[in-house]
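To start, the structure itself, in C-alpha cells.
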Amino acid sequence: MRNALKIATALAAGALVLAGCGSSSTPATPGGSENPSETSSAPTSDLKVGLAYDIGGRGDQSFNDAAARGLDKAKDEFGVQAQELEAQNGETDAQKEERLRTLADGGYNPIVAIGFAYSGPVGKVAKEYPDVNFAIVDDAANDLPNLANLVFAENEGSFLVGVIAAEASKSGNVGFIGGVNVPLIQKFQAGFDAGAKAQNSSIKLQDKYLTEPPDFGGFNDPAKGKTTAKGMYDKGTDVVFAAAGGSGSGVFEAAKAAGAWAIGVDSDQYLTAAPAVKDVILTSMIKKVDVAVYDFIKSVVDGSPLTGTTTFDLKNDGVGYSTSNPAVEPYTAKADEFAQKIISGEITVPTTP
Amino acid sequence: MNRRRKIILALAAPALAIVFSLGVTALVLVVTGNSPVEVIDKMIESAARPRVQTLIVNSAITYYFAAVAVAVGFKMNLFNIGVDGQYRLAAMLAAAVGGAVVLPAVLHVLLIVVVAVLVGAAWAGIAGLLKVYRGVSEVISTIMLNAIATFLVAYLLQPGVLAETIPGSNNIQTKPIPPSGQVPGLSLIPGSPATVQVYGMIFVAVLVGVAYWFLLSRTRFGFDLRATGASETAAVASGVSVKRMVLASMLISGAVAGLVGMPQLLGASYTYSLDFPAGLGFTGIAIALLGRNHPVGIAFGALLFGFLDNASTALEISGVSPYIVKITQGVIVLSVVIAYEVVRRIAVAAAQRDVGRQLAAGAGNGGAAEVTA
C-alpha cells in the first residue's frame, strides 16, 4: 500500500498538470440565464441557439471567447436564448456527436460548433437532422445544405502584421510564436513570414511553436509563452507575433521586460490585455470569429440561414489589424497599401510556411 | 483469514470509496448552489437513454484496455505511466499501415491490431530495457517516452510523411483505412440509432480480460509475476529472474496499451488525426487503482468512469458545471487508495485477533488479555 500511496501522489500531480492543460474557465452561463421576456424593452426571439465550444470553452480568453462574444451580441440584439456546451479533454468524436445531438434533440436551432475538431461530428449530425441549421467555425470539409462553414483568411491578416513588424523592427529580426503546431496556426506563420519578407527582403525570422499536438496546452500556457519570447528577444528579435491564444499574455510580459514590441492575435489585445503590458502591444491580428458567429445567427433570425462556405478575409473585413495603439500609426500606410494589393489579387498570401 | 471475510473486505474498499466520493461531490454541489439529488437524477436520466448507454459502453471498452495495461505493471510493482504515449504512437503507426495496404477483410484488421500491439510493446520495452540494464526508474523513463512519442507522432503526422491534408479542413490525418480494415459496430443496445453502435472491439476487450485473468492466476508466469511484485527478494530466492520478469511485464503492458486506440481507430474514425483522443493512459491508471487490478473490478471501474464522462453533457445542459464530474473522478481515485489502506489495517487487525484467539484457546486463560489487545 505504500506503493499505492506513491502512485496516488503521482496521480494527483498528474491530475494537476492535466487540469492546467484544461482551462481555468468560469463555468458557462447555462440556459440563456437572462430571461428576455422579463425586460419589456429587450427584443425577444423564440430562437434557441446551441453553441458547442472546443476544449476550454467560454473564458479561454481566446478563440472560444471570441465566439462567445458573437453569441452575447446576438442575445442582446435579438433576444435569442442560448445553451452553451464545451468539449472535454480526451473525448472522442462520438462524444462530440452526442453533444450536437443533445442540442438538436433539445430543440436548439441553429447550432454552432466552434473549432475544426467538430468537422466529422458536424458532418454526421447535420445529415441526421436536416431541419436544423448548423454552422462550424474554422472548417470547410463538409458540403451540406443545412451547414454553414465559417472560415478565415488568417494568412492575410497575419501578412499585414508581418509588414508592420518588419517596418517597426530596428534589428531587422522578427519572431513568430505559435500556440500549437497545427495547420491552422501554420497559416498565421505563413502569412506573417511572407508579410515581413515583403516589407524587408533581408529580414531575419524566428519561428517557434509552444507545443505539438495532441498537447493543446500551448494555447493556454503563459509561462511557456514568456520563456520562449524571452529567448527570442535575447537573440535580437524586437517584435514578436504571438498567435498562441492565452499564452500571449506571457509573451507580452516578456516584451515588457525586454522593452520590445509584441503583436496580439484574434481580438484587439491592446484593449483586452492587462493594463501593465498593454503599451507593448503594437497591434493585433484580428480574426472576427465573433462577427462570423453573430452573422450566422442573424441570418437565421432573418429567415435566410447561411449555408455553404463563407470566407472571412480582408475583402469583407473578416480579418485585419488593430490600430487602437497610437504607436502603430507610422506603419499603417504601408500595411494598408499591402492590404489593397491583397484585396485586388496582386499579392497571393501563402497558407503554408 | 477466512474466504468470506476476504471477499467482503475486498469489496468494502471500492464501495467505501465511491460512497465517500459521492458524499464529497454532494457537498461540492450544495456549496455551489445545486441540488445533489437533482444532479444525480439528471445523470441517471441521461444514462437511461440508449444512445448514451452505447457511448458509456464504448468509453468503457477503451478504458478497459488502458486500465489492464496499467494493471499488468502494477502487479509487478511497475508503474507504467507511459501507456498514454504507447497507445498514441501505436494507433498512429497502425493507422498509417492500415491505410496504406490492401488486404482481405479479416487479415487487414489483424494486421492493424498486430502492428499496434507490437509498437506498444516496443515503446514500453524501451523503458523495460532501461530499467533492467541501467536501473532507470520506469516512472521517469515512461514519462519521458510519453513526451518523445508526442514529438514523434507530431513529426510523422505531417503531410508528405505519413499524413495527408483534408481539403477545406484544418485537420490532418493518416490515409483513411478502407472498409476491409474496419470493425463493424454491434447493435447490442436496443433503441440506439444505427449511427451509434457498440464497438466490435468489445470482444477483444473481453478476450484480453480473460487472458489477463488466466495469465495471472493460472500460469507459472503469472505466479512468478505476482511473487516478484509481492517480494522481490523472496522471488529471487525461489529462482525467479527479476530482470526477465520486469522486461516481460513491460512488454505485455505495452502490448495491451497498443490496443487502447483500436476501438476508436477501427470502429469510429478509421484514421489517426490531430484530434485523436489523448490522455486515455492516465484515465487507465485511475481505473486500474479503482478496480484493484482485478479483471472484473477494472470492468466495473471502466463502466463507472464511462458513465461519469458521458454524463457531463447532460449536466451542462441542466446548468451544472461538467467539471463536477472531474471532481468526482479525482475524489474516487484518492479515496480508493485511502480506503484500501483502511481496509488493509482492518484486515491485519482482524488477522491479529484471530491469531490471538487461537493462542488464547491454546494457552487457556493466560492468553485472554491478547484477545482484547
Side-chain angles (χ1 to χ4, degrees), chain A residues 1 3-8 10-12 14-15 18-19 21-22 27-28 30-31 33 83-86 88-99 101-103 106 115-117 119-120 124-125 128 138-143 149 151 181-184 187 211-216 309 352, chain B residues 51-52 54-55 58-59 62 74 77 79 81 88 139 150-151 153-155 157 159 165-172 193 195-196 264 268-269 273-280 282-283 285-286 289 309-310 312-314 316-323 325-326 330 333-334 337-338 340-341 344:
Chain A
M1 269 309 117
N3 217 19
L5 283 172
K6 222 162 51 185
I7 290 162
L11 258 180
L18 284 176
C21 293
S33 47
Q83 174 69 58
E84 300 163 61
L85 300 176
E86 74 178 81
Q88 304 292 315
N89 270 321
E91 71 176 17
T92 60
D93 275 6
Q95 283 156 327
K96 289 197 172 68
E97 288 161 19
E98 179 58 24
R99 186 166 302 117
R101 285 194 194 102
T102 307
L103 287 171
F116 73 84
S119 174
K124 208 168 158 186
V125 177
E128 293 171 23
D138 270 359
D139 179 83
N142 299 293
D143 184 16
N149 298 316
V151 294
N181 193 1
V182 292
L184 179 65
K187 229 166 134 186
T211 58
E212 295 288 334
D215 179 2
F216 285 86
T309 299
T352 48
Chain B
R51 221 168 53 201
V52 176
T54 310
L55 290 180
N58 281 349
S59 296
T62 307
F74 275 166
N77 269 350
F79 190 8
I81 306 186
R88 282 189 278 118
V139 173
T150 299
F151 282 99
V153 170
Y155 169 75
L157 198 66
T165 49
I166 314 155
S169 169
N170 282 308
N171 210 340
I172 10 174
T195 45
V196 186
Q264 168 74 10
S269 67
S273 56
L274 286 176
D275 55 335
F276 199 84
L280 298 170
F282 300 106
T283 314
I285 297 172
L289 275 174
D309 279 345
N310 287 295
S312 65
T313 298
E316 224 181 336
I317 216 156
S318 53
V320 180
S321 166
Y323 292 101
V325 162
K326 302 285 166 209
V333 173
L334 278 178
V337 175
I338 296 164
Y340 283 154
E341 179 62 20
R344 189 190 67 88

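What you are looking at is a predicted structure, and each value in this text was computed from that prediction instead of being measured. Each chain gets a letter, A, B and so on, in the order the sequences are listed, and its residues count up from 1. Note that these values count all heavy atoms, side chains included, but never hydrogens, waters or copies made by symmetry.
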Cut-off 4.5 Å, heavy atoms of chain A, and the answer for B/Val196 is side chain
Out of B/Asn310, B/Leu157, B/Thr165, B/Thr54, return the one with the most heavy atom pairs under 4.5 angstrom to chain A.
B/Asn310
Apply side-chain contact (heavy atoms from CB on, under 4.5 Å) to residues A/Asp139 and B/Asn170 and explain how you reach the verdict.
CA-CA 6 Å; A/Asp139 179 83; B/Asn170 282 308; 5.7 Å; no
Let me know if B/Leu274 has heavy atoms under 4.5 Å from chain A in its side chain, its backbone, both or neither.
both
Is it the case that B/Asp309 and A/Gln88 place a side-chain donor and acceptor less than 3.5 Å from each other?
no
Is the shortest side-chain heavy-atom distance between B/Leu55 and A/Thr92 below 4.5 Å?
no
Rounding to 0.5 Å, atoms OH (B/Tyr155) and CG (A/Asn181) come to a distance of 13.0 Å
Which value, rounded to the nearest 0.5 Å, describes the distance between A/Lys124 atom NZ and B/Thr195 atom OG1?
5.5 Å
Closest heavy-atom pair, A/Leu85 versus B/Ile317, reported as atoms and distance to 0.1 Å, is CD2-N, 3.9 Å
Sidechain-backbone polar pair: A/Glu98 side chain, B/Arg51 backbone, donor-acceptor under 3.5 Å:
no
Supply the atom-to-atom distance A/Gln83 CD to B/Glu316 CD, rounded to the nearest 0.5 angstrom.
7.5 Å
Options B/Ile172, B/Asn58, B/Val325, B/Asp275, ranked by heavy-atom pairs under 4.5 Å with chain A, top entry
B/Asp275
Carefully, step by step, assess B/Thr150 and A/Thr211 under the rule side-chain contact (heavy atoms from CB on, under 4.5 Å).
CA-CA 9 Å; B/Thr150 299; A/Thr211 58; over 6 Å; no
Just how far is it from atom CD1 of B/Ile166 to atom CZ of A/Phe116, taken to the nearest 0.5 Å?
9.0 Å
Hey, are the side chains of B/Ser59 and A/Gln95 touching, using non-hydrogen atoms and a 4.5 Å cut-off?
yes
By salt bridge (Lys or Arg N to Asp or Glu O under 4.0 Å) - contacts of A/Glu91 (at least two apart)
A/Lys96, A/Arg99
Among the listed options A/Gly106, A/Gly115, A/Pro214, A/Gly120, the residue most often paired with chain B at heavy-atom distances under 4.5 Å
A/Pro214
Considering only heavy atoms, which portion of B/Ala278 lies under 4.5 Å from any heavy atom of chain A: side chain, backbone, both, or neither?
both
To the nearest 0.5 Å, what is the distance between OG (B/Ser169) and CG (A/Asn149)?
10.0 Å
